[in-house]
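Hydrogens, waters and symmetry mates are skipped; everything else that's a heavy atom, side chains included, is used. Just so it is clear: chains get the letters A, B, ... in the order the sequence lines come, proteins before strands, and each one is counted from 1.
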There are 2 protein chains.
Amino acid sequence: MSSSEHDNMSESSNLDPASNESTFSPYSGTSPSQIVPELANGIIELTCEDAIRENKPYLRIIEEPVDYFRFRYRSEMLGTHGCLLGRNSAQVKKSKSHPTVELCNYNGSALIRCSLARHNSSLEHPHKLTEEDQDRDITSLLPLRGSYKVAFSGLGIIHTAKKDIPTLLYKRYSQELKQNEFNERKLRMQCENETKNINLNIVRLMFTAHDVTTGAPICPPVFSQSINNLKSAATNDLKICRANRYYGRPNGGDTVYILVEKVNKKNIAIRFYELDEIGDKVWEDRGHFLQSDVHHQYAIVFTTPPYRDTKTKTDVKVFFELLRPSDGRCSEPKEFTYIADVYNRDVKKRKAESYSSLGSSGGSVKSFSDLPLTLDFANTLTKKEMDIDPMPILPPNNYIPPTPPLKLRLDGRRVVTERV
Amino acid sequence: MSSSEHDNMSESSNLDPASNESTFSPYSGTSPSQIVPELANGIIELTCEDAIRENKPYLRIIEEPVDYFRFRYRSEMLGTHGCLLGRNSAQVKKSKSHPTVELCNYNGSALIRCSLARHNSSLEHPHKLTEEDQDRDITSLLPLRGSYKVAFSGLGIIHTAKKDIPTLLYKRYSQELKQNEFNERKLRMQCENETKNINLNIVRLMFTAHDVTTGAPICPPVFSQSINNLKSAATNDLKICRANRYYGRPNGGDTVYILVEKVNKKNIAIRFYELDEIGDKVWEDRGHFLQSDVHHQYAIVFTTPPYRDTKTKTDVKVFFELLRPSDGRCSEPKEFTYIADVYNRDVKKRKAESYSSLGSSGGSVKSFSDLPLTLDFANTLTKKEMDIDPMPILPPNNYIPPTPPLKLRLDGRRVVTERV
DNA sequence: GAAGGGGTCACCCCCGAC
DNA sequence: GTCGGGGGTGACCCCTTC
């Protein structure tokens, strides 16, 4: 209902040559939805503004990637399974967008590289980006048809097997360090430990700009918003597929069966809330269930919380949704109606609504068939039980590592790059 | 309720020396539940009777194994996960039984071997039996404390990885055949094909008796009933864990949510039935749902069938259960009550039961809250959709291969055996 | 074919009862 | 601890639909 509705994007991968003005303002030539581009973190925004003031080159993201995407193992890459779209891609065909970046305040040729960074640091992620069937750095040469904007279409995210990651890190570090600068066994241990701190279900795109001839970085990198692995119960899209009832009594305690997409019983809650006329949240409570009421990750049996006014004289429309405490994400809400108890209603209403015949359909008064209630449900979720990833000891979020230079080789419009 | 209730077994692994009479009757010295022992197939029984008539030795199964057991991969065998029990093991502790076999009409020493056979042929199964941490043939030397009965306790079933099976078969066949009797490539192909026809989720125990000195078979083998892998959706125990309602209207169409153990949406049905006073089935119908109403193998939303008498004047107790068409197995039934429509009841009853107040608990008349009903459900399960294993082209069920002789080596009471 | 999904195999753990 | 289970996960393999 809410989060999937966007303006039908005007930015697409077919870049408009008319918008190719070398401007200092980040607010030019884009659709209304991008007047305030969402940046990966505060420091980038500052950097941009500094760059604008000082007339220095900078990168800015014009189209963010979608926030949910299925990471694929290399063995799954025989066929094709769709590419990473832009956040504003329309569901309908023919208006797809792709992650897009613009190099501002710059003249002449430049090379834009797209790679994967970790979600909570600027370090490289062990997963790999892929472009169609090619297995090399994802780069694009600018200007492209006169534009300094480039859309990366056809991207996929290759899920590196967990067991391969320590070795991968070891290779990387042992190459970077001189032969005598490290102790092999110790470095291997460090890589094992670092592996534990890498979240394999969240990545960010990292864009870097390089001088075409030297490979030297032109400006600081920019990072996209996080992209969550759609296949993992820790990061997937929460969804209530179906429920057996969408109404209950104001004193709560009604049993509801919901069928949901994969959840983790240690890290899931059900939030009821009410919005007033202007959309502000005026009440909130939780559905009650035990971990054992979560059935194999795909169904939850819970009891409704009491409404804030158990003697309400009128029916009240509220919402309920899934909530994942570890990252605060929630599902699309479902409507739920607290049906005012017939004895609390105004006399006029009571006459009209009560005593409707058993088994008739379509009446506005529902009856409550789940009585007597199952008692003693309690929401026992505790911080300890939720298995939240401990915050790893890593560079803070706003630390930007120096962009390494690239070794370049031209290959048509594509540039083959290697780490120096 | 029904299938798990048995006499509390008197046969246990502690064999009673008193029952060690060399008798010709298979009906002696066992508990009432074994007066008619269940034999794996008809031909065995004939063989037994022939053997009895002719005074020849024969094997008979005294305690069958349980029919559901979790097969474990070798990598899961670090800890301990419980052993294969006898079918009549009591749920309460201290009265466990184990698969038990008796060698009849025989004097002197004999060696009883237990191994795994396929469910639909007498051929050896690629899975392995294990006994505690030992990895060798499971054998026992008879007589044991004067008895010709032997219980195999501490058995586990090791799940051979599917990808390893062609190689395993190839090794076996290429050893059995002479060097020039086979074409390597062709044999490998045959092994690939044979692998497809082996059901890795069903095994049977095969018991063979051997002369201690020569290893020659003493009598034909006997086979236990099938043992199904508890972890596979194709063979596991069907179970309705929870349902949101256990009653409905006689004309049916009420929506029921059930939470179930892992099922295959292409191979599952819901059967309603009614028993008369003497336990005969007098009515049967199906719950209606689409494959898409099966939620990730763990929940089903269905609508109830109409009762045979939609105008019943009294409430009717019936049952519903899960049914797996491929093998005809079903879950424990749950009770379901068709509540007579209030207008069809006898006048006296109507007075007492109708118009009870909304929201009160404990009354015998339930109300129906799921109206209006979801329409247009239809049970569309067809034979074609059920993905039933095709019957492989293999020896018929009653074919018994000649028992191969064993190469023997004594090691205390245990005998180390090798295939000749 | 493309673009999405769902299910499975093999493995890795977890827990509660002793 | 260990026993006797049980649930979840990573990697992979398929299947629907267009």
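Across residues 66-73 of chain A, R70(A), Y73(A) each have a non-hydrogen atom less than 4.0 Å from an atom of DNA chain D (numbered order).
In this model, the phosphate group of dT2(D) is not approached by any side-chain N or O of T80(B) to a distance below 4.0 Å at OP1 or OP2. Between Q291(A) and dC15(C) there is no side-chain N or O to OP1 or OP2 distance below 4.0 Å.
E261(A) and H296(B) share a donor-acceptor pair across their side chains, judged by distance under 3.5 Å alone. Remark: the S331(A) side chain and the E321(A) side chain contain no N/O donor-acceptor pair separated by less than 3.5 Å. No donor-acceptor contact under 3.5 angstrom links the side chains of R329(A) and N236(A), judged on distance only.
Taking only distance into account, the side chain of K266(B) never meets the base of dG6(C) through a donor-acceptor pair shorter than 3.5 Å. For K231(A) against dG4(C), a side-chain-to-base donor-acceptor contact under 3.5 Å is absent.
S75(B) comes within 4.0 angstrom of the backbone, heavy atoms only, and of no base.
When the nearest nucleotides of DNA chain C are assigned to G82(A) and A233(B) by heavy-atom distance, the more 5′-ward of the two goes with G82(A).
Note on residues 160-171 of chain A: no pairs pass side-chain hydrogen bond (donor to acceptor under 3.5 Å, both in side chains), not counting sequence neighbours.
Not counting sequence neighbours, the partners of H125(B) by the ring-ring contact (aromatic ring centres under 6.0 Å, His included) test are H127(B). In this structure, the side chain to side chain donor-acceptor pair (under 3.5 Å) partners of E76(B), at least two apart in sequence or on a different chain, are R70(B), R72(B). For S226(A), there are no side chain to side chain donor-acceptor pair (under 3.5 Å) partners, not counting sequence neighbours.
With ring centers used as reference points, H159(B) lies under 6.0 Å from Y73(B).
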* To do: Whenever both distances are under 3.5 Å in a Watson-Crick or G-U wobble pair, mark it; put DNA chain C into dot-bracket that way, with [ ] for crossing pairs and | when the partner is on another strand.
  => |.||||||||||||||||
